[in-house]
Amino acid sequence: MQSNAVLATLQPNHNILSPSRFYSSSASAAATFLPVFYPQRTRFSAPQYLKLDKQVLASASGRYVHEVKSPFKNAAVLSDSYSYLFCALTKCVECSSEASELADIEWDNLGFGLLPTDYMYMMKCSQGGNFSKGELQRFGNIELNPSAGVLNYGQGLFEGLKAYRKEDGNILLFRPEENALRMRQGAERMCMPAPTVDQFVEAVKETVLANKRWVPPPGKGSLYIRPLLMGSGAVLGLAPAPEYTFLIYVSPVGNYFKVLKAQSAAKAKGYSDVLYLDCVHKKYLEEVSSCNIFVVKGNVISTPAIKGTILPGITRKSIIDVARSQGFQVEERFVPVDELLDADEVFCTGTAVVVSPVGSITYKGKRVPYGVDGFGAVAQQLYSVLTRLQMGLIDDKMNWTVELS
């Protein structure tokens, strides 16, 4: 541990230990996370059927077309008079109102961990080509060559966003186009082709709707959406991979807080997280693990400017806009660690945590507590506005949400 360590507590009772963090372009490029898939196996002892809810007259043949609501394309089937359609899929998707039923899990006990859902989305392209013809697949393991670019040289990146269920049963996505743009920016830096913004957003929509029964009830959590872009083609030398895979999987989640290696040292001393300082001057705030940090003093909210090593968080960007709309003055600048010692409140933001207040900071042996038994007033206000907007409980004057039905 360095002598300028900052130790902090995230409310409730979350503590942070914070030495400076060293960054390098190679380290950033190699930081790749891959999911572990646990496939669901379903066995049927008898043929399964799809209930047909609607039929329309096909003008060319005079026969009826039964329209089947299914995550698979081209699901409309010609039929003369049958009210049921034989389903040859491994697991049928019912088109009646039963399709909207929730998965049978304990929604009140959701944590932030992987729960296998029904479908994932996959799309591929070659180096120098364009993504096309993506499709939904049953959620399960994926196959990669041991020489895949993502495994050997870390040529991969991921995004994270959420879907929320409204009281009327419809589902809201929160700013998916921002994730698409950020993925394209990251892909360009890592010499990878990327889906267009429209392809990204449509793929997210398809994946969420195919897994609609896994979106938690209102107020019980959200459906975490994890898009991946990786060099899946085999490559031995250090070079861009010959093939790329874009994949989306989802999982219902509740509250989140992570534990990584740096946090282990903090926990050993009674702190729950690490607030990193810049590696040059060792005095300017950077991030709390994967979260952006905000410092409140009076009506002014300060946060580190986006300067290379600071994550351009979409929740960060949204909180800044919400704060300004609520009359706060927001400053994006270099924030020295000394300002923590005189702050009224400190909080973190991220897709998973949304807004997480800091209970205390310990810097060079001095502990500074914030608030009493919960959120500070400013963090609570911003959290309330943003989450109510995400869940469709207030009017979306920002035009940030995309509604799915």
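Source: prediction; values computed, not measured.
- Not one N or O on the side chain of D396 forms a donor-acceptor pair closer than 3.5 Å with the backbone of Q390.
- Listed here is the closest heavy atom pair of P304 and V335: N-CG2, 4.0 Å.
- When every heavy atom of L223 is checked against every heavy atom of P216, the shortest pair comes out as N-CD, 3.7 Å.
- Counting heavy atoms from C-beta on, the side chains of Y121 and Q137 never come closer than 4.5 Å.
- Salt bridge annotation for K220-D108: present, with a cationic side-chain nitrogen under 4.0 angstrom from a carboxylate oxygen.
- The aromatic rings of F139 and Y249 are tilted relative to each other, their planes meeting at an angle between 30° and 60°.
- In this structure, the side chains of I301 and Q329 stay at 4.5 Å or more apart for every pair of heavy atoms.
- With 3.5 Å as the limit, one finds a donor-acceptor pair spanning the side chains of E286 and T309.
- Shown here are the ring-ring contact (aromatic ring centres under 6.0 Å, His included) partners of F131, two or more places apart in sequence or in another chain: there are none.
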Practice problem: Take K124 and E243, measure what side chain to side chain contact (heavy atoms under 4.5 Å, CB included) needs, and give me the verdict at the end. | Solution: CA-CA 7 Å; K124 294 179 179 288; E243 179 192 74; 3.8 Å; yes

Exercise. Evaluate side chain to side chain contact (heavy atoms under 4.5 Å, CB included) for L157 paired with M230, printing each intermediate quantity in order.
Key: CA-CA 6 Å; L157 54 85; M230 60 185 129; over 6 Å; no

Exercise. Apply side chain to side chain contact (heavy atoms under 4.5 Å, CB included) to Y370 and L340, showing your working.
Key: CA-CA 10 Å; Y370 306 105; L340 291 173; 3.8 Å; yes

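- In summary, K397 and D395 do not engage in a salt bridge, as defined by a charged side-chain N under 4.0 Å from a carboxylate O.
- Heavy atoms only, all atoms of each residue included: G160 and Y224 are closest at CA-OH, 3.4 Å.
- When all heavy atoms of N145 and S147 are compared, the closest pair comes out as OD1-N, 2.7 Å.
- The shortest distance between side-chain heavy atoms of L161 and F174 does not fall below 4.5 Å.
- Of all heavy-atom pairs between E159 and R182, the closest is OE1-NH2, 2.7 Å.
- In summary, the side chains of E206 and Y119 do not present any donor paired with an acceptor at a separation below 3.5 Å, with no hydrogens or angles considered.
- Looking only at side-chain heavy atoms (C-beta outward), T303 and R316 come within less than 4.5 Å of each other.
- For M122 against T245, the heavy-atom pair with the smallest separation is CG-CG2, 3.8 Å.
- In this structure the side chain of W400 reaches within 4.5 angstrom of the side chain of S318, judged on heavy atoms.
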